[in-house]
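As structure tokens, the structure follows; a few thoughts come after it.
In this text, all values refer to a predicted model and were calculated from it rather than measured experimentally.
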Amino acid sequence: MRTPHWLGMILLALVAGVATGWLARGGDEALPSRPALAPLADPDGSREGATGPLASTLLEPPSTSAPPAAADPAPVNPAGSQVIIDGIVLPEPITGDGKVTVLVADLQGAPVEGLELSLATEGNREELKYPRRADFETDEEYMVAKLRHSYVRWKLEQQATHIQTSDVNGRIEFVGLPGEHAQLSMRSQDFLLEGRTDTMSRPVKVGEEITLTVARARQVEVLVEGATSSSCRVSWTFESRTDSTSVTVGKSAKIRLPLGRVEIRADAGSSGGRSEPVVVEVNDSTPAVVLKLGTDAVLTGVVKFEGPRPRYYSVYAAKVVAGATDAELLQDSRSAPVVRIDVDQESGKFVVNDELEGEYAIGVIGESELLCSTRVVLGNSPGKVELEVPAPDQASGLIINVERPKDVRIENEQFTVRDSLKGRYLSCRVWEYSDSRFLLILRPGDAQSFPQEAIVSMHNGWLGFVESRFRPGVDTEVSLKFEAGCMLRVSITNPPPSSSWLALDCSKGPEFAEWRSVSSSIRPRERAERVAALQPGEYRFRLRSAHHTGWVLAQLEATLKAGEQLIEIAVPELHSVLLDGSGCSPYTHGDLKHVESDISQHFTFNDNGNCLLGGLPPGTYEVSYTANGIHGKKQKVTFSLPGTEKVVLTGG
């Protein structure tokens, strides 16, 4: 794939800055401890011609002057021909005798001149080791290594990428290609592939001849007018070929169209209408095209709410069947075919353009419940309808007032309600008064009644989570107050070598004893990384192995403040224990519980009646198993780590 020109220039500027600034040897050198770059090595290992630590083509921009003509062809990847700079190998360009031919023509079959294509071969795709922070003494050295790595990758891609432009005969030839496979790419401002797209990326075989059909194109400004829909699709037809794209109604969009006579049309679906087709001659002076959505609707309507509104709602229509209620017609498609009508969630406006005739039930459904409905007779003349949704019963509801830092907007708020004693979740429906005031319609966790006390919580990815206790059916309004969040970072020392991921839980303050997951995918590295956002306060943290019932490896108490904060968690030495169950055959499994954390894991004996468990943190453990057969007596054995290496389980 071809690297964008601007990316190459940025990389060159950065590396040149490194070469002339950070790596300069003088009175103001920025990196006094950094070793000098290795000089440019000749293929035979000599260093003749090197003028110092910066005598390297890696850190110098490529010359813009044309190279002198070679008397003889360059050798193909000669052995040992490479540039070595601080351990990074930059191979010489790999060439071959392969060729790819591309023939470019327009829709009428005439050759097209001036189309630029790029071909990426498989040459020089050696794996480069990405620098790690732990391998460098300072951040400056690490940054220089990353810049060098990016530059080398870019140079390798340049070596493997060939760019050619079609000649007057519409012919492009890529020659001197190695390997058997390549990738052909196109991104053009002036051409469309067969009148459709201006981009292409496709695999090709070296030695193949390819034919491309393109059309010259220009950008045309298109504006769709209409107040009944927020978006629609604009389609165009050219030389019996049709394509389309999505645009926003009322906002100009630039669409690339082929030169010539093009028919354009806008379609907003059954509820938004269609425009009349417009034929334009696309050329350098093509004016802006305005498309107006049709207004000859069968039915126009609006949904109004007396109180808050549900987070999501829909409008449906169903033809009336004798003896069926509106709920049966609109919620059970077996009674009658149901038509879904697009509705603007903010304004509540909708339009029906389908050819409907007869008596219909029109209703609003929110969260799988019919909120209101009415019946209308549709015929030759347009109709109008207003659907008024009554305010929900607040007898089992809870009003939430959300307070947040100034200039912080929270979108798509997620609320959770649970029993404060047993941790059972209570289902709730969210209705919105505004972006900071909500109504939660609660339902009990079982068929009996609400708990005496519950907790409502709300989470935001940049601020953390807040919670508040309330009494369902007694308290009708609570406030959830966000403070400026703490961007938590974690550093783990002595991580378990066998773990690829670790998990972090937290429990805030003495009033909320429940553990909450902070992150389930922490990399066990000896460096800090951002984990999550939390609200300021006193927390208990526990680090555990990331599987479902992971062991608690370490615990920590910390006070978090607004801003970025680092916590350091040290993992103690972990241990292994051999469970010898050969004496309690034929039973083959049991459970191991860490007494302090009350976390258990199920285990299975091998064919020899043993089970070796590793990665266990210090503490007291309890083994539960059934001896002398499945229906035998249940046994329990307790041991402590460290200090125990083998536990014998008997059937006595």
Side-chain angles (χ1 to χ4, degrees), residues 1-12 15 57-58 60-79 81-83 88-106 111-128 149-194 197-214 216:
M1 298 298 295
R2 183 187 177 192
T3 302
H5 179 69
W6 61 267
L7 176 58
M9 295 303 296
I10 291 175
L11 286 172
L12 287 174
V15 176
T57 58
L58 177 60
E60 296 177 359
S63 174
T64 56
S65 61
D72 299 315
V76 178
N77 196 25
S81 179
Q82 57 187 16
V83 178
I88 297 179
V89 178
L90 181 61
E92 291 292 331
I94 298 177
T95 59
D97 55 1
K99 181 174 70 172
V100 171
T101 303
V102 183
L103 301 177
V104 186
D106 60 19
V112 173
E113 181 184 6
L115 176 65
E116 183 181 273
L117 298 178
S118 63
L119 188 76
T121 64
E122 297 180 323
N124 291 357
R125 292 190 179 182
E126 296 187 5
E127 289 293 331
L128 296 178
H149 180 273
S150 299
Y151 180 77
V152 171
R153 287 187 61 89
W154 176 59
K155 290 294 291 183
L156 293 180
E157 290 180 0
Q158 277 191 322
Q159 290 179 357
T161 303
H162 309 262
I163 302 174
Q164 297 287 348
T165 304
S166 60
D167 58 18
V168 293
N169 299 315
R171 188 179 185 88
I172 298 176
E173 286 190 349
F174 298 96
V175 297
L177 305 178
E180 299 180 358
H181 302 281
Q183 192 79 11
L184 185 66
S185 302
M186 163 190 160
R187 178 176 292 276
S188 175
Q189 297 290 326
D190 301 320
F191 294 93
L192 291 174
L193 280 172
E194 299 191 28
T197 177
D198 57 359
T199 61
M200 174 196 67
S201 181
R202 54 170 288 188
V204 297
K205 291 184 178 181
V206 175
E208 185 178 1
E209 182 174 291
I210 303 164
T211 300
L212 291 181
T213 304
V214 301
R216 295 187 182 274

Quick one: does [X]'s side chain have a donor or acceptor within less than 3.5 Å of a partner on [Y]'s backbone?
X	Y	value
Thr213	Ala105	no
Thr121	Ala182	no
Ser166	Gly114	yes

Please report the interatomic distance [atom1]([X]) to [atom2]([Y]), rounded to the nearest 0.5 Å.
X	Y	atom1	atom2	value
Leu212	Leu193	CG	CG	6.0 Å
Leu115	Asp190	CG	CG	9.5 Å
Met186	Leu119	CE	CG	15.0 Å

Quiz prompt | Partners passing side-chain hydrogen bond (donor to acceptor under 3.5 Å, both in side chains) against Thr199 (at least two apart in sequence or in another chain) | solution = Thr197

Among all residues two or more places apart in sequence or in another chain, which pass the side chain to side chain contact (heavy atoms under 4.5 Å, CB included) test with [X]?
X	result
Val206	Leu177
Thr165	Glu116
Asp97	none
Glu208	Arg202, Val204, Lys205, Ile210

Quiz prompt | Qualifying residues under salt bridge (Lys or Arg N to Asp or Glu O under 4.0 Å), relative to Arg187, sequence neighbours excluded | solution = none

For [X] versus [Y], what's the shortest heavy-atom pair and its separation?
X	Y	value
Phe174	His162	CE2-O, 3.4 Å
Arg216	Phe191	NH1-CZ, 3.2 Å
Ser201	Ser185	OG-OG, 3.8 Å

Quiz item: Please, which pairs that meet salt bridge (charged side-chain N to carboxylate O under 4.0 Å, His left out) have at least one residue in residues 158-172, sequence neighbours excluded?
Solution: Arg171-Glu173

Practice problem: Please assess Leu117 against Ile163 for the test side chain to side chain contact (heavy atoms under 4.5 Å, CB included), listing each intermediate value before the final yes or no. | Solution: CA-CA 6 Å; Leu117 298 178; Ile163 302 174; over 6 Å; no

Quiz item: Any side-chain heavy atom of Val102 sitting closer than 4.5 Å to one from Leu184?
Solution: yes

